[in-house]
Amino acid sequence: MVEDIDPTLLEKTKCERKNVLPDLPMAKGNKVIMRVAPGPSGPLHLGHTRVAILNDEYVKRYDGKYINRIEDTNPERIDPEAYRMIPEDLEWLGVDIHQTIIQSDRFELYYDIARRLIDIGQAYVCLCKPEDMRQCKEDSVACPDRDQSPEEANELFDRMLSHDFGEGEAVLVIKTDIHHPNPAVRDFVGLRIIDSVPHPKTGSRYSVYPMMNLSVAVDDHELGMTHVIRGKDHLNNTIRQEYIFNHLGWEKPLYFHYGLVSIPDAILKTSTIGEGIHTGEFSGWDDVRLGTVRAMARRGIQSEAIRNYWIDVGMKEVDIEFSWENLYAFNKQIVDKTASRYFFTWDPELIDIVGVDRIEAHCPIHPDHHDLGCRDHTLTAPLKVYMTREDLNEFKQRGSIRLKDLCNLRWDDGKATYAGNDISVLKEGWKIAHWSPPNSIPAKVFLPDGTIRKGVAEPISIDEQGKVVQFERFGFARIETVDPEVTAFFAHT
RNA sequence: GCUCCCGUAGUGUAGUCCGGUCAAUCAUUCGGGCCUUUCGAGCCCGCCACCCGGGUUCAAAUCCCGGCGGGAGCACCA
């Protein structure tokens, strides 16, 4: 039955899942312009990759334009290194950025728009204390400054710009609807004053900073954004930003909000990581215990796996829990095809083998690609190999074991005794174990939980440095060094 | 408290707009089997889900109402 069907029809593999993302409604003609808008508080982490990749997928599908907009309008939360690290991370993710915009280059633009909002009576300078302002919003009452004329507002705004006010003394507020049923949407701050910390890029040249709702609205319009995809946490920001679009008669982009992602067991907070690096708790932004993009790369997680994962998850508004398991499954699909196989023996015990003088072992580098050749080991008398303590114990208990690609052994008179090399013993139920030759070198595998697995590994080609290998019966790991000791970072089983 | 969003198996997802072809898709996990010189990969089989209650209808995962549950926002952060 099945044989009658064209076999190529059955070859559809799971990695071929493509374009599961629904089409985007085309708003303005067919040239899509989209953006990713990270704040430069540190490098990108797993949470950022969803927005970066979702947007990238659509830009690629529609041959659109992709803008990386660095949102550095809060000088208190900027790591200058992030300006360099974020583009690196995006590049590693395979995201094609066509233009990079830095918001701190655009203060004058935000001031211009602020003036226009003032001129049309949709913005005012509020001199209230933050607590009073909060109370006004809660009670749906206008603050005393709300009815100032554009002239008065312009004058006050001038004074803001010329440092007449200190930090916290004045803000430019964008009008929405003071009676809006959603308290989160009522009049919101568009620009504020910060003069206590200099900006890493502009120093103290500007002390009036736009709030993200203003700068985002202005830039989304100025840059011609057609579609905006971002997390649900921005739902209320979208409503606020739409007020600015409406005030100024701008055509709005189409907004999409995906659900929140909680990533279990991941250290993501940049401030926590930054502190940890400072105190020496973490080795750096790429410490394998972290959830940063750099840490993923270091562990041998392929960017394509992260991409496939997010495509699979899609753009639904439901909140989800990130599944490491699924990510690892996607990664395994990719790395299993090419990863060289090596023996890493943890908790190693060096044992003597009697009853044979010489064995030549030819262990395939990859079980499915024999053309890649073998790892060849010649063992001569007195024969010794490393086994894991666990395997050795099982060997003693069962009285027999097969060492993969080497030979069969029996436990006779308290000695590991050569028992030929006939693999048919496996059919008789013999267990199979891996081993390492006596010329193995010390090896350490760093696991994401912070633990280190120590042992020995057979000599590994220098070409494997930086690549993902499979330590048989242990898991996939990315090789960092091969000499004088092997160090590797664990990806998954 | 107020506003908004959401609720399909352990996890993620398709289907929900335009009711029937959905005794519900795919992936992953888990269990079993085959194969096999990895406790890997591959192949095969299996388990597990439409939050609850009403209503409309010949027919509801899909529409309506009410509950319940989860999340977010209500910042001079992004």
Side-chain angles (χ1 to χ4, degrees), chain A residues 10 12-15 17 20 22 37-41 71-74 76-78 103 126 128-130 133-134 137-138 140 167-173 180-186 188-194 208-213 215-216 230-240 257 259-262 264 308-314 316-330 332-333 335-337 339 341 343 361 363-364 366-368 391 402-408 421-427 430-434 470-476 493:
Chain A
L10 299 172
K12 192 170 47 180
T13 68
K14 43 197 163 167
C15 12
R17 280 194 88 164
V20 292
S41 56
E71 306 205 326
D72 57 346
T73 53
N74 179 3
E76 289 166 0
R77 288 219 317 223
I78 296 176
Q103 289 191 317
C126 175
C128 299
K129 292 197 172 74
M133 187 176 178
R134 198 175 308 130
K137 287 169 72 166
E138 202 168 300
S140 263
E167 201 166 304
E169 289 176 0
V171 289
L172 186 84
V173 174
H180 196 284
N182 185 348
V185 174
R186 298 169 194 157
F188 62 89
V189 175
L191 293 107
R192 62 167 169 171
I193 297 168
I194 296 178
V208 178
Y209 286 86
M211 302 297 293
M212 73 94 106
N213 280 308
S215 57
V216 164
R230 53 182 175 181
K232 228 165 99 174
D233 47 326
H234 286 292
L235 238 21
N236 286 330
N237 289 324
T238 297
I239 301 172
R240 292 193 271 237
H257 300 92
L260 259 44
V261 185
S262 76
N308 290 341
Y309 178 83
W310 289 125
I311 291 173
D312 183 52
V313 167
K316 290 219 315 185
E317 270 190 49
V318 288
D319 300 334
I320 62 162
E321 174 154 319
F322 182 86
S323 166
W324 288 101
E325 222 167 54
N326 288 7
L327 175 66
Y328 293 158
F330 280 114
K332 198 184 290 180
Q333 279 171 19
V335 296
D336 181 67
K337 284 183 275 194
R341 270 55 176 173
F343 289 146
C363 316
H366 194 291
D368 305 328
D391 286 336
R402 167 153 183 87
L403 295 182
K404 186 170 185 277
D405 301 314
L406 186 70
C407 66
N408 305 331
N421 192 21
D422 183 353
I423 66 167
S424 64
V425 296
L426 294 175
K427 295 203 193 304
W430 284 39
K431 290 293 174 192
I432 190 162
H434 69 289
Q470 188 196 39
F471 287 134
E472 294 197 34
R473 305 208 306 148
F474 185 74
F476 292 89
T493 53

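Please read all numbers here as calculations on a predicted model, not as lab measurements. Here is how names work: the chains are called A, B, and so on, in the same order as the sequence lines, proteins then strands, and each is numbered from 1.
At a threshold of 4.0 angstrom between heavy atoms, the contacts of A/Asp336 are confined to the sugar-phosphate backbone, with no base atom among them. Note on A/Cys128: a base of the nucleic acid sits closer than 4.0 angstrom, heavy atoms only. As judged by a 4.0 angstrom heavy-atom cut-off over every strand, A/Lys427 is placed among residues touching the sugar-phosphate backbone only. Within 4.0 Å (heavy atoms only), A/His257 reaches no atom of the nucleic acid at all. In this structure, A/Glu317 reaches the sugar-phosphate backbone alone: every heavy-atom distance under 4.0 Å involves primed, P, OP1 or OP2 atoms, never a base. Residue contacts shown for A/Pro38 are absent, as no nucleic acid heavy atom lies under 4.0 Å away. Using a 4.0 Å heavy-atom criterion, one finds that A/Leu426 contacts the sugar-phosphate atoms exclusively. A/Met211 comes within 4.0 angstrom of sugar-phosphate atoms only, judged by non-hydrogen atoms across all strands, and of no base. Residue contacts for A/Thr73: at a heavy-atom cut-off of 4.0 Å it reaches the sugar-phosphate backbone alone, with no base atom in range. At a threshold of 4.0 angstrom between heavy atoms, the contacts of A/Asn326 include nucleobase atoms, whether or not backbone atoms are also involved. Residue A/Val189 is in sugar-phosphate contact alone, with no base atom involved, counting any heavy-atom pair closer than 4.0 Å across all strands shown. Among the protein residues, A/Arg341 comes within range of the nucleic acid bases, having at least one heavy atom under 4.0 Å from a base atom. Residue A/Pro181 is classed as a sugar-phosphate contact, given heavy-atom separations below 4.0 Å to backbone atoms only. Residue contacts shown for A/Gly168 include a base, since a base heavy atom lies under 4.0 Å away.
Spacing of P atoms, B/A23 relative to B/G70, comes out at 31 Å, to the nearest Å. On the C1' atoms, B/A75 is 42 Å away from B/G54, given to the nearest whole Å.
When distances are taken from the side chain of A/Arg240 to each of B/C74, B/U16, B/U37, the shortest belongs to B/C74. Out of B/U29, B/U37, B/C4, the shortest distance to the side chain of A/Asn182 is found at B/C4. Across B/A72, B/C6, B/U37, the shortest atom-to-atom separation from the side chain of A/Val318 is found for B/C6. Of all nucleotides listed (B/A75, B/U37, B/U13), B/U13 comes nearest to the side chain of A/Lys316. Side-chain atoms of A/Ala184 lie closest to B/G73 of the nucleotides B/G71, B/G73, B/U38. Each of B/U16, B/U29, B/U38 was ranked by its minimum atom distance to the side chain of A/Glu325; first place goes to B/U29. Closest to the side chain of A/Asp391, out of B/C39, B/G40, B/U28, is B/C39. Among the nucleotides B/C74, B/G12, B/C76, the one closest to the side chain of A/Pro183 is B/C74. Checking B/U38, B/A72, B/U37 against the side-chain heavy atoms of A/Gln470 singles out B/U38 as nearest.
Ring planes of A/Trp324 and A/Tyr328: tilted class, angle from 30 to 60°. Ring-plane geometry between A/Phe330 and A/Tyr309 is classed as perpendicular, the angle between the planes exceeding 60 degrees on a 0 to 90 degree scale with a lower cut at 30.
Under a 3.5 Å cut-off, the side chain of A/Arg341 and the backbone N or O of A/Ala339 do form a donor-acceptor pair. Between the side chain of A/His366 and the main chain of A/Lys337, a donor-acceptor pair closer than 3.5 Å is present. In terms of modelled atom types and a separation under 3.5 Å, the side chain of A/Arg402 and the main chain of A/Ile432 share no donor-acceptor contact. Formation of a donor-acceptor pair under 3.5 Å by the A/Asp319 side chain with backbone atoms of A/Leu260 is found in this model.
Ranked by how close their nearest RNA chain B nucleotide is to the 5' end, A/Asp368 and A/Val313 are led by A/Val313.
Contact annotation: side chain of A/Glu321 to base of B/G12, donor-acceptor pair absent below 3.5 Å.
Remark: RNA chain B forms stems of 3 or more consecutive Watson-Crick or G-U wobble pairs, all pair distances under 3.5 Å, at B:1-7 with B:68-74, B:10-12 with B:26-28, B:30-34 with B:42-46, B:51-55 with B:63-67.
The phosphate of B/C4 has neither OP1 nor OP2 within less than 4.0 Å of any side-chain N or O from A/Lys232.
Closest approach of A/Tyr209 and A/Ile194 over heavy atoms only: CE1-O, 3.6 Å.
Using modelled atom types, one finds no donor on one side chain facing an acceptor on the other under 3.5 Å when comparing A/Asp312 with A/Asn326.
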